[in-house]
Amino acid sequence: MRRRPSTRVGAPRARGRGRGICVGVFFGLGLAWWAATGLGLVKPIFLPSPGSVVTQLGKLSGDGTLWLDLRTSIYRISVGFLIASALAIPIGVLIGSFRTWEAAIEPLVDFIRYMPVVAFVPLSILWSGTGDAQKFLIIFIGTFFQQVLMIMDNVKRVPADFIGLGRTLGLPDRRILTRIVVPSALPGIWDTLRISLGWAWTWLVLAELVAATSGLGYRITVSQRYFQTNTIIGYILLLGVLGLITDQVMKALGKVLFRQEGHVQ
């Protein structure tokens, strides 16, 4: 029997079919969750029912707690991620373009990126207290060094023929970077930012779990003390929704911004 084209390796997928599969997976998981709690297979202390989670989120939304935590966390991740990205992009382009700078910077970045971010949490509290600066620092440590190396790889993937063409036209290095290297690597750099934004959410929650007075991670910690499992599950789901939204927004923007590059992943 011949396989259907959509099941072959690398075959194009119909947009409507893909959305249907996605909705079906989430619906199936939600149905399994509802069945497990409704039939009493799992105690509410371990896994509350979907109705209990929705009710709790509605209560927190009504008294303003949810919106305060949401605003606080979005502010922290926005600032921390922008700082890390603003520094990682030029450094990644630099070490990806010049072998001397690569030899000077890449080993140090490679060395630091293997250090666990969790180990920096107590140090970050000592260095910057428990305010927003500490959250920015954790997000920076968790994303910056990974971004630098990934952006370096994006730059190295620019075809040598493109750079050779710039040499033939007599362009100086600065013009080759700004007119050839960076525009060619930009679709890959955008994907790097999209991927690292997902990591930034993880590091933000880690920082708020340990030292915070507000935010999504902080609320999860407080709920743990009082065994409010419905709040914990609700906030975890909310974090997943926020991450999914930001990822899909950046993916859609990438398709618009780099349509001429065939950037349709």
Side-chain angles (χ1 to χ4, degrees), residues 25-26 28-81 84 115-143 146 195-247:
V25 169
F26 278 97
L29 291 175
L31 185 63
W33 178 16
W34 174 81
T37 55
L39 296 175
L41 301 178
V42 183
K43 294 183 178 179
I45 190 64
F46 300 114
L47 182 65
S49 67
S52 174
V53 171
V54 172
T55 301
Q56 181 66 6
L57 289 180
K59 178 181 177 182
L60 294 173
S61 175
D63 63 17
T65 301
L66 175 62
W67 302 112
L68 174 62
D69 292 335
L70 194 60
R71 287 196 303 270
T72 302
S73 292
I74 290 177
Y75 163 71
R76 287 168 175 166
I77 194 173
S78 298
V79 175
F81 180 74
M115 298 179 181
V117 180
V118 178
F120 284 96
V121 172
L123 290 175
S124 67
I125 296 174
L126 291 175
W127 293 338
S128 55
T130 58
D132 288 341
Q134 186 260 345
K135 314 301 180 293
F136 302 155
L137 181 58
I138 290 298
I139 294 172
F140 179 87
I141 296 173
T143 58
Q146 308 286 350
I195 294 171
S196 59
L197 180 57
W199 301 335
W201 278 109
T202 302
W203 305 132
L204 168 71
V205 174
L206 170 67
E208 291 181 340
L209 283 173
V210 176
T213 56
S214 61
L216 299 174
Y218 166 76
R219 195 65 53 192
I220 291 175
T221 303
V222 173
S223 301
Q224 179 186 1
R225 297 171 186 169
Y226 299 100
F227 297 98
Q228 296 174 339
T229 318
N230 50 3
T231 302
I232 297 174
I233 296 295
Y235 269 54
I236 290 175
L237 293 176
L238 180 59
L239 285 165
V241 170
L242 290 172
L244 182 61
I245 290 174
T246 54
D247 181 81

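Computed from heavy atoms alone, side chains included, the values below leave out hydrogens, waters and symmetry copies.
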Is there side-chain contact between [X] and [Y], with heavy atoms separated by less than 4.5 Å?
| X | Y | value |
| --- | --- | --- |
| Phe46 | Thr37 | no |
| Leu47 | Thr229 | no |
| Ile220 | Ile236 | yes |
| Gln146 | Ser196 | no |
| Ser214 | Arg71 | no |
| Arg76 | Thr72 | yes |
| Leu206 | Val121 | yes |
| Pro48 | Ile233 | yes |

Set out, in order, the CA-CA distance, both residues' side-chain angles and the distance that settles side chain to side chain contact (heavy atoms under 4.5 Å, CB included) for Leu239 and Leu216, then state yes or no. CA-CA 8 Å; Leu239 285 165; Leu216 299 174; 3.4 Å; yes
Please list, chain by chain and in numerical order, all residues satisfying side-chain contact (heavy atoms from CB on, under 4.5 Å) with Thr202, sequence neighbours excluded.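 Partners of Thr202 under the side-chain contact (heavy atoms from CB on, under 4.5 Å) test: none.
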Which residues pass the side-chain contact (heavy atoms from CB on, under 4.5 Å) test with Val79, not counting sequence neighbours?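 Checked Val79 against side-chain contact (heavy atoms from CB on, under 4.5 Å); matches are Tyr75, Ile83, Phe136.
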For the student: nearest non-hydrogen atoms of [X] and [Y], plus distance:
| X | Y | result |
| --- | --- | --- |
| Ile138 | Trp203 | CG2-O, 3.5 Å |
| Ser223 | Ile232 | CB-CG1, 3.7 Å |
| Leu57 | Leu66 | O-CD2, 4.0 Å |
| Ile139 | Gly80 | CG2-C, 3.7 Å |
| Phe81 | Ala200 | CD1-CB, 4.1 Å |
| Lys135 | Ala207 | CD-CB, 3.5 Å |

Determine whether Tyr235 and Leu70 satisfy the following criterion, side chain to side chain contact (heavy atoms under 4.5 Å, CB included), listing intermediate values before the conclusion. CA-CA 10 Å; Tyr235 269 54; Leu70 194 60; over 6 Å; no
Just how far is it from atom [atom1] of [X] to atom [atom2] of [Y], taken to the nearest 0.5 Å?
| X | Y | atom1 | atom2 | result |
| --- | --- | --- | --- | --- |
| Asn230 | Ser52 | CG | OG | 4.0 Å |
| Ile77 | Thr246 | CD1 | OG1 | 7.0 Å |
| Glu208 | Thr130 | CD | OG1 | 12.0 Å |

Could you give me the CA-CA distance, side-chain angles and deciding distance for Trp67 and Leu60, then say whether side chain to side chain contact (heavy atoms under 4.5 Å, CB included) is met? CA-CA 8 Å; Trp67 302 112; Leu60 294 173; over 6 Å; no
Tell me which pairs pass salt bridge (Lys or Arg N to Asp or Glu O under 4.0 Å) where either residue lies in residues 212-225, with sequence neighbours left out.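 Those involving residues 212-225 are Asp69-Arg219.
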Gln56/Thr231 under side chain to side chain donor-acceptor pair (under 3.5 Å): CA gap, chis, key distance, verdict: CA-CA 6 Å; Gln56 181 66 6; Thr231 302; 2.9 Å; yes
Keeping the roles fixed (side chain from [X], backbone from [Y]), state whether a donor-acceptor pair exists under 3.5 Å.
| X | Y | result |
| --- | --- | --- |
| Thr65 | Ser61 | no |
| Ser73 | Gly215 | no |
| Gln134 | Ser128 | no |

Verdict with reasoning, Trp34 to Ser49, per side chain to side chain donor-acceptor pair (under 3.5 Å): CA-CA 6 Å; Trp34 174 81; Ser49 67; over 6 Å; no
After noting the C-alpha distance and the side-chain angles of Tyr218 and Leu209, does the key distance pass the side chain to side chain contact (heavy atoms under 4.5 Å, CB included) rule? CA-CA 5 Å; Tyr218 166 76; Leu209 283 173; over 6 Å; no
